[in-house]
Number of protein chains: 2
Amino acid sequence: MRGLALLECVAAGTNDVKGIATRLNTPRSTVHRMLNSLAAEGYLHHVPYKGYLLGPKLIHLGMRALEQRPLVALARPHLEALAQRTGDTVHLGVTDGAEVFYLDKIPGTRGLEMRSRVGQRMPLASTGVGKALMLGIPPSRWRDLYREAGEATIAGSDRPPPVPWAKYETQMADYLRRDWVFDLEENEVGVRCVGAPVRDISNSVVAAISVASASQYMPNDRMAELGPVVRATAHAISEALGWKR
Amino acid sequence: MRGLALLECVAAGTNDVKGIATRLNTPRSTVHRMLNSLAAEGYLHHVPYKGYLLGPKLIHLGMRALEQRPLVALARPHLEALAQRTGDTVHLGVTDGAEVFYLDKIPGTRGLEMRSRVGQRMPLASTGVGKALMLGIPPSRWRDLYREAGEATIAGSDRPPPVPWAKYETQMADYLRRDWVFDLEENEVGVRCVGAPVRDISNSVVAAISVASASQYMPNDRMAELGPVVRATAHAISEALGWKR
DNA sequence: GAGGTTGTCTCATATAATGGGACAACCGTA
DNA sequence: TACGGTTGTCCCATTATATGAGACAACCTC
């Protein structure tokens, strides 16, 4: 466990021995020994007198972790079709606590790239994928999630002022009826998305997808058109999981 | 180290307790305790009475590992441009021992997908990226690499009969002059690629790229045309690394 | 229901990691 | 080029820590 904390530390960008020793309050001697072992096995990349970086074995494990989720493999073709059709960035995510966990991302062809990354976490209540996932959570818990998202700060992100709760609740109720959601620059200024939930054989929401793009490519009328399209893709994935319409 | 071996074991597809205990010849009791700890921290995904899968933290670490390689970030835009221009699958890889290690992959738009995966390893001597990397290795070592590739067996792959060494050597010498390489279905039947090496400021080969596609999209004359194109992209990436033409 | 697998717990034991320290090699900078 | 700060390398007594055996219940599949 200590070794893994060390990896997390390096992942977080602390790549000097002293810094790691401080962050974990562990003697330099111990940290050094562990770094050596991890580097020798390929879990870390070591540049002498420069620092440590995450190594190739972690790339391998990470990719395998993605492949082992049948959801990713099943959803891929549908996501690609959606990306091709819309030209925008497509996301796939699942719930992880009170957050979205991004499982897949297909970059848009419009040149500008989203900040989002596979393997990243974001507040549920303020992203397209997240709100779609919330459609599978009892509305009584929405308020908490809304509050948590408001408190969360995203490093380096340009956070817009939050939508008032009353309005948010009304919108969500509306989304629930339609079975798709909008995100109107609530997570990041200049980014809008259209999302929809993915359900499994027991009809519970297990994932969600979204199409995201810069606001200038996402006027209101286009979002309205995109709703049914995104929902149709989500349904197609759901059916691949055994869901009955 | 033992815990990491356990992760590798799960990555390799052994997801039952008994199997893991056997593979690592470790008592069931110990394996169980470790699995529990790893699952509790999110490094494994546990489905009770079903098995263990690699967890979300590994996805996160894997992605971070990729981001920490400046090479990947630098090369990305060039690779995307190449993919768009050719419509085929584009690879980026580095040398890892006697193998290629794939760092990035942009799927082609022709519908059929390559077996290759980011984080995967392949013999140097029998892939497009690998042969391009070999251009940076003293020709005296080529013979060994050629032999190793011949001995390697790839699970589930349809391996064509090897090219005789004499011919192989002649081809490589040719590639060295042109600074690009061909792979004529040597790694897998039906797949052809064109590759080129990437160099850094010290003029040593640090990576390689390739464009791969099904043979029907890769007639000889197209490959000949693609050579300079792929090489130009490789040169562009090299220049981003400080290489002087 | 039976057989095999898995999850949970306890405990004595000794393995194996710990952390302190001392020293040399190295980097950037003054 | 001399310096402070950081890093790489080694040693060793200490004890904390993981180990592995076993017993039992819960569980899945056939």
Side-chain angles (χ1 to χ4, degrees), chain A residues 1-58 61 65 68-70 200-202 204 206 241-242, chain B residues 1-58 61 65 68-70 200-202 204 206 241-242:
Chain A
M1 254 43 254
R2 203 103 83 94
L4 291 171
L6 214 151
L7 292 182
E8 299 277 356
C9 212
V10 176
T14 311
N15 52 357
D16 59 320
V17 181
K18 203 190 181 193
I20 297 168
T22 308
R23 269 180 72 131
L24 305 179
N25 30 315
T26 299
R28 202 178 65 86
S29 166
T30 304
V31 169
H32 216 299
R33 192 155 7 90
M34 293 200 292
L35 286 172
N36 258 337
S37 302
L38 290 169
E41 298 284 336
Y43 295 97
L44 289 176
H45 202 75
H46 179 29
V47 186
Y49 295 102
K50 289 291 176 187
Y52 294 81
L53 296 174
L54 299 180
K57 277 228 177 124
L58 290 174
L61 283 175
Q68 289 191 352
R69 299 235 166 189
D200 70 359
I201 195 167
S202 70
S204 50
V206 292
L241 294 172
Chain B
M1 252 46 255
R2 202 103 83 94
L4 291 171
L6 214 150
L7 293 182
E8 299 278 355
C9 209
V10 176
T14 310
N15 51 357
D16 60 320
V17 181
K18 203 189 182 194
I20 297 168
T22 308
R23 270 179 70 129
L24 304 179
N25 31 316
T26 299
R28 202 178 64 86
S29 166
T30 304
V31 169
H32 217 300
R33 193 159 2 93
M34 293 200 290
L35 286 172
N36 257 338
S37 303
L38 290 169
E41 299 283 336
Y43 294 97
L44 289 177
H45 203 75
H46 180 29
V47 185
Y49 293 101
K50 288 292 175 186
Y52 294 80
L53 297 175
L54 299 180
K57 277 228 177 123
L58 290 174
L61 284 175
Q68 289 190 352
R69 300 237 166 186
D200 71 358
I201 196 167
S202 70
S204 50
V206 291
L241 294 172

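Here is how names work: the chains are called A, B, and so on, in the same order as the sequence lines, proteins then strands, and each is numbered from 1. Source: prediction; values computed, not measured.
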For atom [atom1] of [X] and atom [atom2] of [N], their distance in whole Å:
X: B/Leu24; N: D/dG20; atom1: CG; atom2: C1'; answer: 15 Å
X: A/Leu6; N: C/dT18; atom1: CG; atom2: C1'; answer: 14 Å
X: B/Leu44; N: C/dG7; atom1: CG; atom2: P; answer: 12 Å
X: B/His46; N: C/dT8; atom1: NE2; atom2: C1'; answer: 11 Å
X: A/Leu35; N: D/dC10; atom1: CG; atom2: C1'; answer: 17 Å
X: B/His32; N: D/dA21; atom1: NE2; atom2: P; answer: 16 Å
X: B/Ile20; N: C/dT6; atom1: CD1; atom2: C1'; answer: 12 Å
X: A/Asn15; N: D/dT6; atom1: CG; atom2: C1'; answer: 13 Å

Which heavy atom of [X] sits nearest a heavy atom of [Y], and at what distance?
X: B/Tyr52; Y: B/Val10; result: O-CG1, 3.5 Å
X: B/Gly55; Y: A/Ala65; result: O-CB, 3.9 Å
X: A/Gly19; Y: A/Thr14; result: C-CG2, 3.6 Å

Quick check for you: among [options], whose closest atom lies nearest to any side-chain atom of [X]?
X: B/Lys18; options: D/dG20, C/dT5, C/dG19; answer: C/dT5
X: A/Val17; options: C/dG7, D/dT7, D/dT29; answer: D/dT7
X: A/Asp16; options: C/dG7, C/dT5, D/dT7; answer: D/dT7

Notebook entry, point to check: Considering only heavy atoms from C-beta outward, does the side chain of B/Leu4 approach that of A/Leu4 to under 4.5 Å?
Noted result: yes
Does [N] have its OP1 or OP2 closer than 4.0 Å to a side-chain nitrogen or oxygen of [X]?
X: B/Arg2; N: C/dA16; answer: no
X: A/Arg33; N: C/dA17; answer: no
X: A/Lys50; N: D/dG8; answer: no
X: A/Tyr52; N: D/dG8; answer: yes
X: A/Thr30; N: C/dG19; answer: yes

Next item on the list: Note down the inter-axis angle between the two ends of the helix from C/dG1-D/dC30 to C/dA14-D/dT17, five pairs each, to the nearest 10°.
Entry: 30°
Check: Got a donor-acceptor contact below 3.5 angstrom from the B/Ser37 side chain to the B/Arg33 backbone?
Finding: yes
Check: Would B/Leu38 and A/Met1 satisfy side-chain contact (heavy atoms from CB on, under 4.5 Å), going step by step from the backbone distance to the final call?
Finding: CA-CA 8 Å; B/Leu38 290 169; A/Met1 254 43 254; 4.1 Å; yes
Notebook entry, point to check: Pick the nucleotide of DNA chain C nearest each of A/Tyr49 and A/Met34; which residue has the one closer to the 5' end?
Noted result: A/Met34
Margin query: Please determine whether any donor N or O and acceptor N or O are separated by less than 3.5 Å between the side chain of B/Arg28 and the base of C/dG7.
Written below: yes
Next item on the list: Quick one: do A/Leu44 and A/Leu54 satisfy side-chain contact (heavy atoms from CB on, under 4.5 Å)? Show the steps, please.
Entry: CA-CA 5 Å; A/Leu44 289 176; A/Leu54 299 180; 4.1 Å; yes
Check: Out of curiosity, A/Leu61 CG to B/Lys57 NZ, how far, rounded to the nearest 0.5 Å?
Finding: 14.5 Å
Notebook entry, point to check: If you find the nucleotide of DNA chain D closest to B/Pro27 and the one closest to A/Gly51, which residue's nucleotide is nearer the 5' end?
Noted result: A/Gly51
